[in-house]
Asker: 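One structure, pasted below without further comment.
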Amino acid sequence: RLDRGTSGAIVVARTSKAAERLASAFRDRGPDKTYLALVQVAGSPPPDLGRLEHHVVARDDHGTRVVPAGTLGAKHAALTFEVRARSATACLVEVHLETGRKHQIRVQLAAAGWPLLGDRRYAPSEVASRFHRPALHAWRIALTHPVRGDRCVFEAPIPSDFRGVMAALGLELKPAPRNGV
């Protein structure tokens, strides 16, 4: 599942057997999910690499909130990130989920002080108005095929609206260095 307005890759099973195995894999956090996010930088910019850990509570009527550990119904949420490009006002961030909570990327980045452009729920209005949807793209999903057992990687190209905002901000996604090269 993707949040409303999020672009990118999804996986669909063709058979009930595959659907059952995929659902089990996602519950067990088997698939590697990689997202790209355009975030506003105000105050302290994100470091080049990092990890965010919070406790969150999802409330249907009020969205997901970061709460203190021990809060009734709170669930652990963790992600790692790498800044792939920077400008004076924004960053292109590659995000890897460790857990899969409702609105997790949006709420955790906002809690860290780096709200998504276009996010009308978790970003201040001036940040939300910079894009027509949350600037979040499900870029890659890597998983074990539910029937054959081989490793599959699905990548969704960055959509034109997202690329347009990147260009306007002077951000370019460059290939990640491989093995320190």
Side-chain angles (χ1 to χ4, degrees), residues 1-13 16 18-84 90-144 146 154 156 162:
R1 295 185 309 251
L2 296 177
D3 292 350
R4 180 176 290 138
T6 300
S7 58
I10 59 170
V11 177
V12 179
S16 59
E20 182 180 310
R21 290 179 180 176
L22 277 173
S24 177
F26 275 95
R27 269 192 309 276
D28 296 341
R29 298 188 185 114
D32 298 320
K33 297 170 273 189
T34 305
Y35 293 78
L36 293 175
L38 289 170
V39 300
Q40 176 79 31
V41 176
S44 179
D48 290 341
L49 297 168
R51 184 169 191 267
L52 297 176
E53 281 191 86
H54 294 96
H55 287 85
V56 297
V57 171
R59 295 196 170 103
D60 290 336
D61 54 342
H62 299 292
T64 300
R65 300 284 180 244
V66 171
V67 296
T71 300
L72 183 65
K75 294 183 179 181
H76 177 254
L79 60 81
T80 59
F81 66 87
E82 177 181 358
V83 174
R84 297 291 300 270
C91 290
L92 175 65
V93 180
E94 180 177 322
V95 178
H96 297 269
L97 288 176
E98 294 179 20
T99 56
R101 308 293 179 218
K102 182 178 180 180
H103 297 180
Q104 179 180 340
I105 295 170
R106 296 165 60 193
V107 74
Q108 284 195 273
L109 291 176
W114 317 307
L116 268 66
L117 300 181
D119 193 341
R120 298 195 193 314
R121 181 171 291 235
Y122 301 107
S125 59
E126 67 275 5
V127 176
S129 66
R130 295 189 66 190
F131 196 42
H132 66 277
R133 63 177 177 89
L136 186 61
H137 177 67
W139 190 26
R140 279 190 199 117
I141 300 175
L143 54 84
T144 302
F154 304 98
F162 200 99

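Fair warning: this is a prediction, and the values are worked out from it, not measured in the lab.
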Asker: Of all the heavy-atom pairs spanning Ala135 and Leu116, show the shortest one and how long it is.
Answerer: O-CD2, 3.7 Å
Asker: Measure across Ala37 and Leu136 and return the closest heavy-atom pair with its distance rounded to 0.1 Å.
Answerer: CB-CD1, 4.0 Å
Asker: Would you confirm whether His137, through its side chain, and Ala156, through its main-chain N or O, come within 3.5 Å as a donor-acceptor pair?
Answerer: yes
Asker: Taking the side chain as every heavy atom from C-beta outward, state whether Val83 and Leu92 have any atom pair closer than 4.5 Å.
Answerer: no
Asker: Can you check whether Leu79 reaches Gln104 side chain to side chain, under 4.5 Å on heavy atoms?
Answerer: yes
Asker: Measuring only between side-chain heavy atoms, which start at C-beta, is Leu36 closer than 4.5 Å to Phe162?
Answerer: yes
Asker: Is there a donor-acceptor pair under 3.5 Å between the side chain of Arg106 and the backbone N or O of Tyr122?
Answerer: no
Asker: Step by step, work out the side chain to side chain contact (heavy atoms under 4.5 Å, CB included) result for Thr34 and Glu94.
Answerer: CA-CA 7 Å; Thr34 305; Glu94 180 177 322; 3.6 Å; yes
Asker: Please test Ile141 against Asp32 for side chain to side chain contact (heavy atoms under 4.5 Å, CB included), starting from the C-alpha separation and ending with a verdict.
Answerer: CA-CA 6 Å; Ile141 300 175; Asp32 298 320; over 6 Å; no
Asker: Under the salt bridge (Lys or Arg N to Asp or Glu O under 4.0 Å) rule, what pairs show up with a residue in residues 124-135, not counting sequence neighbours?
Answerer: Arg133-Asp161
Asker: Which pairs count as salt bridge (Lys or Arg N to Asp or Glu O under 4.0 Å) when at least one residue sits in residues 68-77, sequence neighbours excluded?
Answerer: none
Asker: Main chain of Ser44, side chain of Trp114: is a donor-acceptor contact present, judged purely on distance under 3.5 Å?
Answerer: yes
Asker: Nearest 0.5 Å please: distance from the CG atom of Asp119 over to the CD1 atom of Ile105.
Answerer: 11.0 Å
Asker: To check you understand the geometry: which heavy-atom pair defines the closest contact between Phe81 and Leu52, and what is its length?
Answerer: CE2-CG, 4.0 Å
Asker: Using a distance-only test with no angle check, is there a side-chain donor-acceptor pair under 3.5 angstrom linking Thr80 and His96?
Answerer: no
Asker: Using side-chain heavy atoms (C-beta onward) and a distance below 4.5 Å, is Phe131 in contact with Leu38?
Answerer: no
Asker: Side chains of Leu117 and Val39: does their closest heavy-atom pair fall under 4.5 Å?
Answerer: no
Asker: Donor-acceptor check, side chain of Thr99 to backbone of Ala78, threshold 3.5 angstrom: yes or no?
Answerer: yes
Asker: Looking only at non-hydrogen atoms, find the nearest pair between Leu2 and Ala9 and report the distance.
Answerer: CD1-O, 4.1 Å
Asker: Does any part of the side chain of Val56, heavy atoms only, come nearer than 4.5 Å to the side chain of Val67, both counted from C-beta?
Answerer: no
Asker: Give, for atom NE2 of His103 and atom CG of Leu109, the distance between the pair rounded to the nearest 0.5 Å.
Answerer: 13.5 Å
Asker: Closest approach of Val57 and Ala74, non-hydrogen atoms and distance?
Answerer: CG2-CA, 3.6 Å
Asker: Drop me the distance from Gln108's CD to Arg51's CZ, to the nearest 0.5 angstrom.
Answerer: 9.5 Å
Asker: Taking the side chain as every heavy atom from C-beta outward, state whether Lys33 and Trp139 have any atom pair closer than 4.5 Å.
Answerer: no
Asker: Is the shortest heavy-atom distance from the side chain of His55 to the side chain of Val66 under 4.5 Å?
Answerer: no
Asker: For the pair Arg120 (side chain) and Ala128 (backbone), establish whether a donor and an acceptor sit closer than 3.5 Å, ignoring hydrogens and angles.
Answerer: yes
